[in-house]
Structures are given as structure tokens and as C-alpha cells.
Enquirer: 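This is the structure I have questions about; it appears just below.
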Amino acid sequence: MTTTPPPWPGDPLPERELELAAADRAVDALCRTRPEGGLLVYSGAAGIGKTSVLARVRARAAERCTVRTTRADPGTTAVPFHTARALFAPDLADTDGLAALLGPHRALVGPALGLTTPGDEPADPQGVQDALVALTARAARRHRARPLVLVLDDAHWADGESLGWLAALGPRLARLPLLLVVAHRPTEHAAEESRPHLDALGTAARLRVTLRALSPEAAAGLTRRALGTGADDALGRALWDATGGNPYELAELLARLREHPLDLRADQATAVRELAATVRGHRLADRLGDLGPDAARLAWAAAVLGAGIPLRLAASLAGLSPGRQATATGELRAARVLNPGDTVDFTHPLVAGAVYDAVPRTLRTTFHGRAAWLLTAEGHSPAAAARHLLEVHPDQDPALVEQLRRAAREHLAVGAPDAARRCLERALREPPEHHLRAHVHHELGCAALLTSPADTVRHLRTALELPGLDDTLRADATFRLAQALAHNQQMREASLSVAFAAATTEPGPERLRLQAAHFMYDAFRATEDDGPGRSRRLAQLADPLAGETNAERALLTLRAFDGMLRGENHTVVAEFCERALTDGHPAPGLGWTDTVWGFEYPCLAGITYAWIDELDRAEELFGEAVRAYEISGWSGGHLAFAHMLTGAVLRRRGRLAEAETRLRESLRLADRIGTGLPVHWDAVCLLVDTLLARGRTADAQRLAEARGFGPPYPDAMILPDAPSVHGRLLLALGRTDEAVAALEAASAMAERGRHNPVWAPWRRDLAGALATRDPERARALTRRLRVDAERFGTPTALGMALGCEAALAPAGAAPALHARAVAHLEESPAQDELARARVALGLATGDRDQLHRGLLLARACGADALAEQARAALA
């Protein structure tokens, strides 16, 4: 039996000419010699005609283009990347071209697209999203002969992971030979986490159209077309009144009228209203009762399983034999409930929704439980069955808890932490057996680490309060709790959490790991009760170590970093770094993508090298970080941090234009994962510092204001010292009184025993600000700066200190000091500092050669204001 055709097959869609013309123009642009891609978004209420519009768009585009289409379904909203797999199904089935399509990140996108088995480790969700965007670009270029058109209907039901991919793809479509066409209901019908993605698609669209109801005239015309010219305008008006001009309801009503014509002698309007009630809501589902129990039960089972599942599974779920299935299927197709085919395919989402809502609540829960079992028996993964387990009533079932935990691990392995979180939250409601509750909370805290630090903190604290975790898991939970607290700018709480755990853990590797973390988070704090005391305790613990284990290497890394901040002699600091590394690289287990110890330790080693003038070593380490994260697909916060660190090295070298580019890329990457994160503060601080070094004070001010850079600062160390940079910004703006106050506040670094004059050059800037208003204090500052620089001993520190002293010295003494500053900075990697010293020496002595060399170097560095100063002096 076949479905009754719609009342206007093949005819132009009424009152949709403008919407279809826009799609025609988009397809024309896509098919030009120089293709122009784009995004069209159609939105509107249920039944308003979105699917009909998309069907016409597909048909017209198929004449010249390669069209890939799918329709999202409520049953797959909780299945990560289902929509992405459906859209690319034909391309993924092409085994000859599959390797080229997947590209270098096959291991990352293969599990998400169902091509390969997920691994044991969580995948970075941002990396998976970026890999899918890159795959889409490759697919678009592959279909240049017949450009690619992707069509997604009912996007409000698409899984959040696929919507995130499409939202990331949207702004790039204009540069790709690809047209994306999306239809969805108003966003309030979408899952909460999907709404921002739908809004982003609307923002990126070249055309965003809200479909409206049909007019009474259109309804009258359709009525005559469907029922013949004998149908008068009064009947058309009655149909319009009954349906509100909703195209789906109007089409269904006209189909019913063709089967059951009205008695024209009766009250026509009343009869139409009564008939219209049967094509919507619960009355639509009531029609199933007229078809018999088998048809109703098969429809209910199909609604629970969802679109695309074989009908034989729906029949099995409903308890029907093959013969009874065939009869019931025919009845459902004749009643316009199911479309022809071997898989579940309701004639309209409104029908599917009404049937699902009509399933008796107890039976619905039973069906979901059996559906999970059926899918598992069919060979589907735990993740595929998990969406049904989410709907089962809690019943203290250990097997269900284990299924949900396995599904969560699979979700994490494909880069879907939100789906993992849903599974584990449901497992907690079961609830798990007493000895497993801490494990589930631990897993839930880890699953939420990248998306919700607050949830991570809550669940990990609960896990640590419950019995059941061994020492290794307890240390891991504590370490991740501290990471989440630090990510949330709660450094004191992070430090206290690992300190307490270390004090209550038996001596051994886990205790050393926690002790190292305690020292690390204390060092990261912007304010600290006893910084010098912590440094002494760290030195006592770390100085004798040879670096034979990762715990020793972690402590030596912290010792080197602390020594750098304290301004200890740079050769001593470098020796600690050497003992912390293995042949100059992070040891196995302490690498950039190792999760047990975290990426902080190689970061600290590289930062230490960057501020002791060992920039080649720092650049090598941070280059390894970028490569490791790109290869592993870690394109979220870790990659943003790696770019920030690389920008820091470029800033230290004086390659200011390159540093600016890299730091802006770091901010772009960081903005994709949130706001106010530690990497934001670091990147903004470095970028403000870089812009000031370039002489672009107005740009630095705009950035600082836009990003909220300034006091109050978070309780986390900012790279480099934020009060020093902010004070320099105020000086550049001519706000000297405010600058002096800010730089005086920066002196807290000295109170903590941190005297590195390059990391926190507040004395140099404060001395300059006080040169005329308090010359004695200015001279005292320069003397102490000189002492700190000589103790630290790097060429950069010595050159900066001598330059500061020269700027305040009597005219007769200044040239010699400037010359000594140049001599030291010639041995330094900080080329912008050398350019500044040469220009200062040239101005002090009238040496045109020094001015010229300073001008050339300033231009090479991108220090525009300094170059202009030198050019003006030469002129």
C-alpha cells in the first residue's frame, strides 16, 4: 500500500516563491566559475512547510550539484555526531577516496563518524570539531565538478556535537565551494545546549527566513486544486480558519476530505473544525485505535526506536510476528502514519511526536529498556543504546549502571563530553552500588572537566568524600580537582586541596605527585602567605634530587621556575632545568599530552628558559607543544596556551609583529572555549606588553579596556607580571599618578622574594616615573635594580638595568652606561631591547652610526615608535 500523495504534487509551492528564488540564487553562486558558498536558514513552526521547501531546494540543486541530505530526529538528539554521519554517509562509503577525505586526523574523526573503534583516552572535543570542519572543506573541494550542497531538516533535533560542527563551519562557507541549507523550528524547541549553535547558524547565514502561514487566498486555491473547481471559497475559508493556514494540517485535511467528502447540506464550518481536530495532537494519535492493536503497538514501538531503525526491530519490540508486522505496516501506511520502506519513517515529525506522546507511560519505559537490549544484541555500541537507557526508570540495576559507564567512556573517546555527562548523571540516579558511587562521581567530574569546571569540582569533591577510591584514583581525583579549581581562578582552593591530600597519603609516588602539585599551585597564586618560606621548603626537597623519576623531575621543574622568579643566578636555574628534562625534552609521562601529571610541568620548564635568555631551548619546547597538540587534535585550551607561550618567546626575542600575530591567534582559540580563563589573562597581558613595545599605545589601551585587563586581578599568576605591564600602559597614556600607584602595587613581587628584573620590570618603569618628582627614590630603585640584575646575570637583565641607570645619570656619566648596556644586550636575544639601547646611546652621544643601526633593528623588530624616534633624530 502506498502513501496518499500530497494535494499539490509537482506544482509550485504556494506563497514560497521568494524563499525558493533565494535558494536558486545561492545555487547559481555555487555553480559559478569561481564558486561562492553560503548558508541558508529556514525557520518556522511545526507543519509550516519547511520540509516541502527543502524538498524543492534539493530537487532544483540536484540538477547541477551533489546533494547530501538528512533529517534529524528526536530519537537521535542524544547520539553524538549522528547528523554528521548521516550527511556524509555516501562519501564515507567510498572506500577508494576515504583516506584522502579523512586527511591527517583519521584517528580523531574516525571514531566520531563510526568508521573506527574509539580508543581508551578521551578525545578533545574542539579538536574533533576542527577536524570535521577540515573534512568538510576537503569534501567540498572533492566535488568541484558538481558542487556540494548539504541539506539538514529539523535541525532543532540534531545532536549538539553535529550542530557545534555546523556552527563552526558557518562563518567559513563563503570561502568554500559548499552550500549549507538548514531548517529548524524556533530555538525554544531545541535542547538548551543546542540553542547557541542554532543562533550562530542564523548569524552566519546569507539568508535567514521565517516561514509564515498561508493566506486565506492560498488556502482557497489549494482547496480547489485538491477537491476540484466545485469547492467554493467558503470551504477554503473554513479550512483556513480551522488550520490557521498551517500547510501540513491543510494538506492532511484536504486528503481526509478527498476520502470522506463533506455533506454540503450540513454546517460546513462545524464539520471542517471537527475533521481538523483529527489531524493534530492527541486526536491524531487516537486514529491509531481505529486501526487495531497491532498497528497501534507497531507505531508505538517505531516512535520509541526512532527514524532509520529497521521495521523488523520495531516489530520485535512490539512482539509481532512477520505476518502481523506486514499487515500492521500496511495499515499504518494507508493511514498516512508511516512512509513506505524497510526502516522507521513517519510521514511527518508531528505524527511521530503525537504517536510517541500517546504511548502509555509504563509501556514507553518498558519499550526503552527493551530497545536498548535489542540494539545491543544487534551489535550496536553501548553509546547507541544509551539514549534508551536514559529513559528507563531508576531501579538499582548494576548492569544498567555498567552499560551507562561504558557508554560514557565511548562518548568521551569520540569527543562528546556532554553526552558522557548525561549517561553518568543517569547512572547516579539508578543509583550505583555503594562501593561504586565514588567511581561514578570521579568519572563524572573528569567528563565535565572541559565543559563545566563547577560540576567537576562538585563531583570530584563528592568522590573524595565517599569510600571506594584507591590511592591512585584518590590522587588522580585530587589532581583533577585542583586543575578545575585553577581553571576557575581558585588558586588558593587548588593549593589547599592537594596539600590536604598530600598530608593524608602514605609516602610513595602518589604523595610526591601531590606534593609537587601543592608547590605548583602555591607558586601560581598571585598572593601567598609565605612565599619565601615555600621557596625554602621547595629548595630543601628538590636540590638534592637527581631527576631519576617523574616525581623528582616535576619537583626540579618547579625548583627551576621558582629560582627564575626569585632572580637566582641564571646558570644555577638552567642546571635545575637540565636535571628536570631528558636530553632536553620532557620525559615520558611528563609530555605535553600526558594527562597524569598534566601539561603544566613542560610549560614551566619552557617559561623558565624563556626568562633566563635560553630562548632557543624555550622555542624548541613550545614548538613541540604546538606540534603535539595539532597532531593529537587538542585544539582547545591546550593549543591556545601553546600559541600564547610561543608568542611569549617571540616577544622576548623582540620579534614584535610575529609575537602579536601569535598572541592574537591564542586569543582566538581561547575565545572558542570560554572567557576569563587563565590563558586569556596571559595572552592579553603579553599582547598589551607587545603593543606597547611597538609604540601602539592606543591599540594597547583599546585591548585592555575590551578585555578588562587591569585590577582587580585574579588570584593567579599572570605571564608576565600584570601590574608591571598595566603600570607601563598608564605611563604611556600619560596617567603618571595612576601609573606610580600601579607600579608601587607591583612591588609585592619583591615582598614574595621574587626579584627577577625581566619578569617584573616595575623598578625600571617606576624609577623613570619618579625621575623628576622624587629623584632620590628613583636612584634607590635603579641601585636595587642593578643588584638584582647582577645576581640574575643574564645579558638582558644587565642591559636593561644599565639602560635605566644611564637614563637617570648625569650627562657626563650617561654615555658610558649606555655603551655598557649596548655591550650586554649584544649578547642578549632581546633584539628590541638592543635597538632601544642603541638609539639611547646615539641620542646621548650624537653617534649617527648607533642611531642608524638602532633604526634598522627597530624596523626589523616591528618597534614602530622607536624606529620613528631614531629616524627623526637622524633627520
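Counting begins at 1 with the first residue of the sequence. Values below: every heavy atom of this structure, side chains too, minus hydrogens, waters and symmetry copies.
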Enquirer: Looking only at heavy atoms, which two atoms of Pro795 and Asp613 are closest? And how far apart?
Expert: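 Minimum heavy-atom separation between Pro795 and Asp613: CD-OD2, 3.2 Å.
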Enquirer: Within a strict 4.5 Å, meaning less than it, do heavy atoms of the Thr845 and His818 side chains meet?
Expert: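 No - every pair of side-chain heavy atoms lies 4.5 Å or more apart.
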Enquirer: Do NZ/NE/NH1/NH2 and the carboxylate oxygens of Glu705 and Arg702 come within less than 4.0 Å?
Expert: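 Here Glu705 does not pair with Arg702 in a salt bridge, since their nearest N and O are not under 4.0 Å apart.
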Enquirer: In terms of side-chain geometry, is the basic nitrogen of Glu614 or Arg617 positioned less than 4.0 Å from the acidic oxygen of its partner?
Expert: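 The answer is no: the pair does not qualify as a salt bridge.
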Enquirer: Counting C-beta onward and ignoring hydrogens, is there a side-chain heavy-atom pair between Glu620 and Tyr609 closer than 4.5 Å?
Expert: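 Counting from C-beta outward, Glu620 and Tyr609 never come under 4.5 Å.
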Enquirer: So do Leu169 and Val133 actually touch side chain to side chain, heavy atoms under 4.5 Å?
Expert: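 They are in contact (side-chain heavy atoms under 4.5 Å apart), so the answer is yes.
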Enquirer: For Met491, is there any backbone N or O sitting under 3.5 Å from a side-chain donor or acceptor partner on Ser495?
Expert: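 Here the side-chain-to-backbone pair does not exist.
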Enquirer: Less than 4.5 Å apart, any side-chain heavy atom of Leu703 and any of Phe709?
Expert: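 Result no, sub-4.5 Å side-chain heavy-atom pair not found.
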Enquirer: Can we say Arg566 and Asp788 salt-bridge, meaning some charged N sits less than 4.0 Å from an Asp/Glu carboxylate O?
Expert: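 Judged by the 4.0 Å cut-off on N to carboxylate O distance, Arg566 and Asp788 do not form a salt bridge.
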Enquirer: I need the Leu802 CG to Arg786 CZ distance, nearest 0.5 Å.
Expert: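 One finds 5.0 Å between CG of Leu802 and CZ of Arg786.
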Enquirer: Under the criterion side chain to side chain contact (heavy atoms under 4.5 Å, CB included), I'd like the reasoning laid out for Glu568 against Arg791: C-alpha separation, chi angles, the key distance, then a yes or no.
Expert: CA-CA 6 Å; Glu568 295 183 30; Arg791 178 179 179 233; 3.8 Å; yes
Enquirer: Looking at every heavy atom in both Phe599 and Trp592, which two are closest together, and how far apart are they?
Expert: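 Distance-wise, the nearest heavy atoms are CB-O, 3.6 Å.
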Enquirer: Could Arg668 and Glu665 be called an ion pair, given the rule that one side-chain N must be under 4.0 Å from one carboxylate O?
Expert: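 Counted as a salt bridge, because a side-chain N and a carboxylate O are separated by less than 4.0 Å.
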Enquirer: Are Arg779 and Glu776 close enough, and set up right, to give a salt bridge (charged side-chain N to carboxylate O under 4.0 Å, His left out), and what steps lead you there?
Expert: CA-CA 5 Å; Arg779 284 192 291 272; Glu776 186 56 38; 3.0 Å; yes
Enquirer: Under the side-chain contact (heavy atoms from CB on, under 4.5 Å) test against Arg838, which residue among Arg853, Glu833, His852 passes?
Expert: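 For Arg838, the side-chain contact (heavy atoms from CB on, under 4.5 Å) test succeeds with only one of Arg853, Glu833, His852, which is Arg853.
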Enquirer: Which heavy atom in Leu798 sits nearest to a heavy atom in Gly793, and how many Å separate them?
Expert: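 Heavy-atom minimum between the residues: CD1-O, 4.0 Å.
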Enquirer: When rounded to the nearest 0.5 angstrom, what distance separates CG in Asp721 from CZ in Arg754?
Expert: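 Those atoms lie 9.5 Å apart.
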Enquirer: Going from OG on Ser666 to NE2 on His680, what distance comes out if it is rounded to the nearest 0.5 angstrom?
Expert: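 Rounded to the nearest 0.5 Å, the OG-NE2 separation comes out at 8.0 Å.
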Enquirer: What I want to find out is whether Asp699 reaches Arg694 closely enough, with some N-O distance under 4.0 Å, to be called a salt bridge.
Expert: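 Result for this pair is no, no salt bridge flagged.
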Enquirer: Can Glu624 and Arg627 be said to form a salt bridge (charged side-chain N to carboxylate O under 4.0 Å, His left out), step by step?
Expert: CA-CA 5 Å; Glu624 287 178 9; Arg627 288 191 296 274; 5.1 Å; no
Enquirer: Could you check if a side-chain atom of Trp681 sits within less than 4.5 angstrom of a side-chain atom of Tyr713, using non-hydrogen atoms only?
Expert: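 SC-SC contact between Trp681 and Tyr713 confirmed.
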Enquirer: What's the separation between atom CG in Leu621 and atom CG in Leu645, rounded to the nearest 0.5 Å?
Expert: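 If I round to the nearest 0.5 Å, the distance is 10.0 Å.
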Enquirer: Take Leu733 and Glu738 through the test side chain to side chain contact (heavy atoms under 4.5 Å, CB included) and record every step on the way to the result.
Expert: CA-CA 10 Å; Leu733 293 170; Glu738 296 172 72; over 6 Å; no
Enquirer: Does the side chain of Ser635 come within less than 4.5 Å of Gln129's, by heavy atoms?
Expert: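 No; the side chains remain at least 4.5 Å from each other.
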Enquirer: Which distance, rounded to the nearest 0.5 Å, do you find between the CG of Leu656 and the CD of Gln831?
Expert: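 Answer rounded to 0.5 Å: 10.5 Å.
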Enquirer: Which atoms form the tightest heavy-atom contact between Thr697 and Leu729, and what is the distance?
Expert: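 In this case the closest contact between Thr697 and Leu729 is O-CD1, 4.4 Å.
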Enquirer: Would you call Arg777-Glu744 a salt bridge at under 4.0 Å N-O?
Expert: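 Looking at Glu744 together with Arg777, the answer is yes, because their closest N to O distance falls below 4.0 Å.
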Enquirer: If you apply the rule side chain to side chain contact (heavy atoms under 4.5 Å, CB included), what do you find for Thr456 with Leu481, and how did you get there?
Expert: CA-CA 7 Å; Thr456 293; Leu481 171 61; 5.9 Å; no
Enquirer: Would you sort out whether Met644 and Leu663 count as a side chain to side chain contact (heavy atoms under 4.5 Å, CB included), showing the intermediate values?
Expert: CA-CA 5 Å; Met644 182 275 294; Leu663 292 168; 4.2 Å; yes
Enquirer: Take a 6.0 Å sphere around CD of Glu827 and say whether it holds more than 12 heavy atoms from other residues, nucleotides or ligands.
Expert: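 Check fails, neighbour count at 12 or below.
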Enquirer: At what distance, to the nearest 0.5 angstrom, does OG1 of Thr593 lie from CH2 of Trp634?
Expert: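 Rounded to the nearest 0.5 Å, the OG1-CH2 separation comes to 5.0 Å.
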Enquirer: Do Arg653 and Glu658 sit within salt-bridge range, that is, some charged N less than 4.0 Å from a carboxylate O?
Expert: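 No.
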Enquirer: Would you indicate whether the side-chain heavy atoms of Arg652 and Val758 approach each other to under 4.5 Å?
Expert: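 In contact.
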Enquirer: Should Val688 and Arg728 count as side-chain neighbours, where that means a heavy-atom distance under 4.5 Å?
Expert: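 No, side chains not in contact.
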Enquirer: Could you tell me whether Arg696 and Asp864 have a side-chain N and a carboxylate O separated by less than 4.0 Å?
Expert: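 Here Arg696 does not pair with Asp864 in a salt bridge, since their nearest N and O are not under 4.0 Å apart.
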Enquirer: Are Asp715 and Arg492 ion-paired here, with the side-chain N under 4.0 Å from a carboxylate O?
Expert: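 Not counted as a salt bridge, because no side-chain N and carboxylate O are separated by less than 4.0 Å.
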Enquirer: At their closest point, which heavy atom of Thr557 faces which heavy atom of Ala605, and how far apart are they?
Expert: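 Distance-wise, the nearest heavy atoms are CG2-N, 3.8 Å.
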Enquirer: Where is the tightest heavy-atom contact between Ala482 and Tyr521, given as atom of each residue plus distance?
Expert: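 Looking at all heavy atoms of both residues, the closest pair is CB-CE1, 3.4 Å.
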